[in-house]
Number of protein chains: 2
Amino acid sequence: MTTLMDVAERAGVSKSTVSNVIRGTTMVAEETRLRVQRAIAETGYHPNAIARSLKARTSSAIGIVVPDLTNPFYAQLAVGVERAANALGYAVLTANTECLPETEEQAARAWIERRVDGVIIGGMALASTLPKILLDRDIPVILASLGEFDDPRLGVLDHDDAAAMEAIVAHLYGLGHRRLAFVSDHLREHAGERRYLGFKAALKKRRLVPIAIDDGATAVVAHNDMQAIATIDRLERRGLKVPDDVSVVGFDDIPLASHSRVQLTTVRSDAVEMSRRAVDLVIKAARANRTVSHREFLDVQLIVRATTARPRK
Amino acid sequence: MTTLMDVAERAGVSKSTVSNVIRGTTMVAEETRLRVQRAIAETGYHPNAIARSLKARTSSAIGIVVPDLTNPFYAQLAVGVERAANALGYAVLTANTECLPETEEQAARAWIERRVDGVIIGGMALASTLPKILLDRDIPVILASLGEFDDPRLGVLDHDDAAAMEAIVAHLYGLGHRRLAFVSDHLREHAGERRYLGFKAALKKRRLVPIAIDDGATAVVAHNDMQAIATIDRLERRGLKVPDDVSVVGFDDIPLASHSRVQLTTVRSDAVEMSRRAVDLVIKAARANRTVSHREFLDVQLIVRATTARPRK
DNA sequence: CTGAAAGCGCTTACAG
DNA sequence: CTGAAAGCGCTTACAG
């Protein structure tokens, strides 16, 4: 690979001068500049970002952790993060953790060694140590779509889950449902807990309590669209019809939710907008050399489609 | 951040010695080793991978380009690549290009600057310059699921598309279909072309030619599952029934394909196995300082489900 | 077994 | 306007 030195020699100038024309920050004589630019073109020189990083003491890279890239919501989040980060000259390292603590810690270690400038967490284990590990090394962290947290050093970006659950329950209650269940991957995912709390609160307001899905529920609210879709599959394989026997509601409004075969009633959450904000916040914090400490809740909108209906009789 | 120097001072030894105990390659006196390890633990030292990379002249990072992470096949490919690469101590940089030449070139530039050790391409524009740009800088490149290529420096890993298309057409022909169409994002995606060729060849064997989907096709073969699912949506919104009016076949067997509401007839392709092989090949090539130059075609299996049936009368 | 020194490829004051 | 020099945080022969 050609180096700055190669270019300098070819152009008959010093390394400093080549560096100056590349960064365009210092004055360089027109003629010299042209000579250097020609040398760059001729050698096909690309600056070595690793050397630059070492000197600059920043990697210009951020990390993003998602529980499952196969879930289109997280895929959109990852794509959004990538796009926004690239636009700012940052690379992104993805970690698909499946909310496994061990995988989370491995990712943390790798990222610390690679000196990522910040981390966006889209999902993590229930009592995850991830944020603390990172924050203790002064790496800014923002939680996207994960709810609030005790640590004040943590940035938080989320949907208004309480409002969303209230809207869902109101919709179901209005249709006549009184036996409602909630499904989520409790054990693994942190966010599940939170939406469940909102769900319970909305039920309580109507003097109801959650029941188990197998306990004769006429409606089930899922933690997200993928789980709603999996629930439909499970119900239908048992011979139950959706929505005739059971209504199902999701969360996210992934592209598939509006498919003719699915037509899922759900709540729209804007993964792209969320990722854009997250990248912005985390990079701003990194540059200012502080934590994010910003909390924001995005609005959310109920989309009624064809998986919810009045309960039988 | 603590550096090697900090640890050395704390342990009262030289940088070399600290480096030696960390890498465990040189003999170090037991007592010294313990002192150094204690100093590492006390300071929470993590080696700076950037400095190490600069010295080693490799980034220990690879790139992967996918057209659309939202397609579960590519998500699985990306996850598989990540897992396999991490296990070998490599980081992975993802580029979601949507097969846009400009985005591809941007990714190439960023990756060259960051000195990635190799690149896996899961999809690219039709006349993409991506492979050449990379190969010309001696970065090993492997094409996954993209067909063969003229450049002998390119590694190739693919499914046996011709066999797959033959199996699909045989199945459809056996059911009585004679008016078959193929759908794909021709214009953008490179791989589409190839599967279409296999499709045409299989038809020709039966003295048939492809017709347009709107030309009274009784069966349509899609380039992949996501396009098959989108096709079902489009057909059903027009009031046609699948498979009663039109049969539909996909490619990939993404998890959704077996869903009760979809039950797509498709061909199974193993994204995870493919990604594992790809990572292995590209990293091996990188370490040996040569290109991949390996061609391999994975077997494929037709899965008949409920989107294919005998044509009407 | 241990350490001084050079060097990976850049950037950045600072002289001139 | 240009260049010599120091330094980012490591590794790696090489002396001792």
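Heavy-atom basis, side chains included; hydrogens, waters and symmetry copies ignored. A note on names: the letters A, B, ... follow the listed sequences, proteins ahead of strands, and every chain is numbered from 1.
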> Identify each donor-acceptor pair in which a side-chain atom of residues 100-109 of chain A lies under 3.5 Å from a protein atom, sequence neighbours left out, and give them as a table.
from	atom 1	to	atom 2	distance (Å)
A/Glu104	OE1	A/Ser128	OG	2.6
A/Glu104	OE2	A/Ala125	N	2.7
A/Glu105	OE2	A/Thr129	OG1	3.4

> With sequence neighbours excluded, what pairs up with A/Ala51 under the side chain to side chain contact (heavy atoms under 4.5 Å, CB included) test?
A/Asn48, B/Leu54
> Give the dot-bracket string for DNA chain D, reading 5' to 3', where a pair is Watson-Crick or G-U wobble with both distances under 3.5 Å, ( ) marks pairs inside the strand, [ ] marks pairs crossing earlier ones, | marks a partner on another strand, and . marks unpaired.
|||.||||||||.|||
> Base, sugar-phosphate alone, or nothing: which one does B/Ser19 contact when heavy atoms must sit under 4.0 Å apart?
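Base, at least one base heavy atom under 4.0 Å.
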> List the residues meeting side chain to side chain contact (heavy atoms under 4.5 Å, CB included) with B/Glu42, not counting sequence neighbours, and say none if there are none.
B/Arg10, B/Arg38
> Can you measure A/Leu4 atom CG to C/dG7 atom C1' for me and round it to whole angstrom units?
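Answer to the nearest Å: 15 Å.
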> Please list residues of residues 50-62 of chain B whose heavy atoms come under 4.0 Å from any atom in DNA chain D, ordered by number; otherwise none.
B/Ala51, B/Arg52, B/Lys55
> Only counting residues at least two apart or in another chain, list the ones meeting side chain to side chain contact (heavy atoms under 4.5 Å, CB included) with B/Thr26.
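B/Thr26 satisfies side chain to side chain contact (heavy atoms under 4.5 Å, CB included) with B/Asn20 only.
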> With 3.5 Å as the limit, what N/O pairs link the protein to nucleotides 13-16 of chain C?
none

> Sort and list the pairs that fulfil salt bridge (charged side-chain N to carboxylate O under 4.0 Å, His left out) and have at least one residue in residues 52-65 of chain B, not counting sequence neighbours.
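Every pair satisfying salt bridge (charged side-chain N to carboxylate O under 4.0 Å, His left out) with a residue in residues 52-65 of chain B: there are none.
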> Short of 4.0 Å, heavy atom to strand atom, which residues of residues 28-39 of chain A count as contacting DNA chain C?
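Those residues whose heavy atoms fall under 4.0 Å from DNA chain C, taken from residues 28-39 of chain A, amount to none.
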> Taking atom C1' of C/dC8 as reference, at what distance in whole Å does atom CG of B/Asn48 sit?
13 Å
> Give a yes or no answer on whether the side chain of B/Ser275 reaches the backbone of B/Ala271 with a donor-acceptor pair at less than 3.5 Å.
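Side chain of B/Ser275 to backbone of B/Ala271: a pair is present.
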> Please table the atom pairs, donor to acceptor, closer than 3.5 Å between any side-chain atom in residues 85-93 of chain A and protein atoms at least two apart or in another chain.
from	atom 1	to	atom 2	distance (Å)
A/Asn86	ND2	A/Glu82	O	3.4
A/Tyr90	OH	A/Arg287	NE	3.4

> Using atom CD of B/Glu113 as one end and atom C1' of C/dG9 as the other, report the distance to the nearest whole Å.
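Rounded to the whole Å, the gap is 13 Å.
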> Using the test side chain to side chain contact (heavy atoms under 4.5 Å, CB included), find all partners of A/Thr70 that sit at least two apart in sequence or belong to another chain.
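If we apply the side chain to side chain contact (heavy atoms under 4.5 Å, CB included) test to A/Thr70, skipping adjacent residues, the hits are A/Asp68, B/Ala75, B/Gln76.
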> Taking the minimum atom-to-atom distance to the side chain of A/Thr17, which one of D/dT11, D/dG3, D/dC1 wins?
D/dG3
> From NZ of A/Lys15 over to P of C/dT11, roughly how many Å is that when rounded to an integer?
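Going from NZ in A/Lys15 over to P in C/dT11 covers 10 Å.
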> Partners of A/Asp138 by side chain to side chain donor-acceptor pair (under 3.5 Å), sequence neighbours excluded?
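Expected list: none.
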> Kindly point out which of C/dG9, D/dC10, D/dT12 is positioned nearest to the side chain of B/Arg23?
D/dT12
